[in-house]
Amino acid sequence: MADMLHSIMTKLTAGFVILVILITGLTFLFTVGASTEKIQESTQQELVALASLTAADLNGDEIAKLKPGMEAEILYLMNAEQLAHMSQADHEIVKIFTARKQGDGMEYVIDSGYNIGKRDVKIGNPVSNPTPAMLSAFSGSSVEKEFVKRPWGTVLAGYAPIKNARGEVIGIVGVDMDAAVVKTRMDFVGQTIYLILILGILSAGLIIFVFSRTMIRDIHMLIESANKISRGDTNVSITIRRNDEIGELASSFKRMITSLKILMHQDYQHE
């Protein structure tokens with residue numbers, strides 16, 4: 001009898017498990033990539049929608065009047081309070097701010113964290129290295145394709161133009177989501193898919209093992225029967241009932257045993 005390492009059951013199980021791992025591995029690579037991309041796209045759409053909603057609620061004429069040093073005045077506080085409420089309504093949003101063009105660059109105007117001790121910029125603070133997405137927001141809603149660095153951390157951001165009563169764009173509003181939140185969303189999808197694939201591999205391995213074990217059990221029964229016959233013992237009972245090739249082999253064994261018994265009986269009579 002073949003040892004466990006060289007048995008058909010081991011080879012069959014290992015072969016199927018390797019095949020399943022290969023298929024699931026390729027599936028994992030393609031699925032995770034596509035899923036994380038979709039998560040990022042949906043997050044970007046969420047940020048653009050929130051930025052557009054915020055911009056529509058802001059009073060562009062009031063924001064246009066804000067000048068450096070007016071952080072303590074009611075005009076600033078009212079608009080900052082409005083941004084703070086919208087930011088706090090979604091715990092995944094780290095900051096909402098407004099900015100406008102200043103010369104060849106841009107400057108911050110309102111920071112939503114003023115009333116919780118997390119104000120990072122004041123009116124007139126320059127925006128370092130404005131991104132193409134920020135600049136294009138003066139023409140319409142836009143979103144960052146990759147994470148960007150702010151004074152308050154690394155974020156994914158969406159933007160929308162702020163308009164005055166005449167419909168003129170006087171600035172933009174930015175909605176920042178912490179990069180860690182976005183990565184957590186992506187990691188959750190990846191981990192979920194990974195867990196499903198692991199469970200699939202284990203289930204497939206178990207099914208293959210059980211299937212091969214029943215098959216090898218019947219083969220061992222036939223081997224034992226053949227060994228008994230080789231020793232002259234025809235008192236062998238084969239109880240295998242299968243509708244496959246092993247079942248056909250078992251039927252052939254039964255017919256062979258019957259034929260051997262007949263031949264042995266005839267030889268006995270001739271003696």
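Throughout, residue positions are numbered sequentially from 1 according to the sequence presented.
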Report yes if the side chains of R150 and D176 come closer than 4.5 Å at any heavy-atom pair, otherwise no.
yes
Could you report the tightest heavy-atom contact between P161 and A55, atom names first, then the distance?
O-CB, 3.3 Å
If the condition is side chain to side chain donor-acceptor pair (under 3.5 Å), which residues does D178 pass it with, not counting sequence neighbours?
none
When rounded to the nearest 0.5 angstrom, what distance separates OG in S251 from CE in M256?
12.5 Å
Would you say K95 and V155 make side-chain contact, with heavy atoms under 4.5 Å?
no
Considering all heavy atoms of both residues, which atom of L75 and which atom of K65 are nearest to each other, and what is their separation?
CD2-CB, 3.8 Å
With sequence neighbours left out, write down each residue that passes side chain to side chain donor-acceptor pair (under 3.5 Å) with E144, or none if nothing qualifies.
T131, Y159
E248: salt bridge (Lys or Arg N to Asp or Glu O under 4.0 Å) partners, not counting sequence neighbours
none
Atom CD in E41, atom CD in Q44: separation rounded to 0.5 Å?
7.0 Å
Not counting sequence neighbours, which residues clear salt bridge (Lys or Arg N to Asp or Glu O under 4.0 Å) with R255? List them please.
none
With side chain to side chain contact (heavy atoms under 4.5 Å, CB included) as the criterion, how do L222 and L249 come out once you've worked through the C-alpha distance, each side chain's angles and the decisive distance to 0.1 Å?
CA-CA 9 Å; L222 293 175; L249 180 61; 3.5 Å; yes
T98 meets the side chain to side chain contact (heavy atoms under 4.5 Å, CB included) criterion, sequence neighbours left out, with L58, I63, L83, V109, I110, I162, V173
Residues which pass salt bridge (Lys or Arg N to Asp or Glu O under 4.0 Å) with E92, listed by chain and number, not counting sequence neighbours
R185
Only counting residues at least two apart or in another chain, list the ones meeting side chain to side chain contact (heavy atoms under 4.5 Å, CB included) with D61.
N59, N164, A165
Closest heavy-atom pair, R100 versus I123, reported as atoms and distance to 0.1 Å, is NH2-CG2, 3.9 Å
Any side-chain heavy atom of P151 within less than 4.5 Å of one from V121?
yes
What distance separates Q82 CD from M78 CE, expressed to the nearest 0.5 Å?
8.5 Å
When you compare the side chain of V175 with that of I93, does any pair of heavy atoms fall below 4.5 Å?
yes
Are side-chain heavy atoms of V94 and M177 found at a separation under 4.5 Å?
no
Are V148 and V143 joined in one hydrophobic group, where the rule is that I, L, V, M, F, W and Y side chains link up if heavy atoms are under 4.5 Å apart?
no
Here the gap from S252 atom OG to I257 atom CD1, rounded to the nearest 0.5 Å, amounts to 11.0 Å
Residue set satisfying side chain to side chain contact (heavy atoms under 4.5 Å, CB included) with V127, at least two apart, ordered chain then number -> A99, M106, Y108, P130, M134
Once you round to the nearest 0.5 Å, how far does NZ of K101 lie from CD1 of I170?
12.5 Å
Looking at I96, is its backbone amide N or carbonyl O close enough to the side chain of S112 to form a donor-acceptor pair, meaning the two atoms are under 3.5 Å apart?
yes
Results of side chain to side chain contact (heavy atoms under 4.5 Å, CB included) for K149 - residues two or more places apart only
T154
Side-chain donor-acceptor pair under 3.5 Å between E62 and N79, yes or no?
yes
One pair to check against side chain to side chain contact (heavy atoms under 4.5 Å, CB included): L77 and E71. What are the steps and the verdict?
CA-CA 7 Å; L77 296 175; E71 289 84 4; over 6 Å; no
Can you tell me how far the OG atom of S141 sits from the CG atom of L47, to the nearest 0.5 Å?
11.5 Å
Would you say K122 has more than 12 foreign heavy atoms packed within less than 6.0 Å of its NZ?
no
Provide the closest heavy-atom pair for Y76 versus M70 in the form atom of the first, atom of the second, distance.
CB-O, 3.2 Å
Does the pair E168/K163 count as a salt bridge with the N-to-O cut at 4.0 Å?
no
Closer than 3.5 angstrom, by distance alone: can the side chain of D111 be matched with the main-chain N or O of D120 as a donor-acceptor pair?
yes
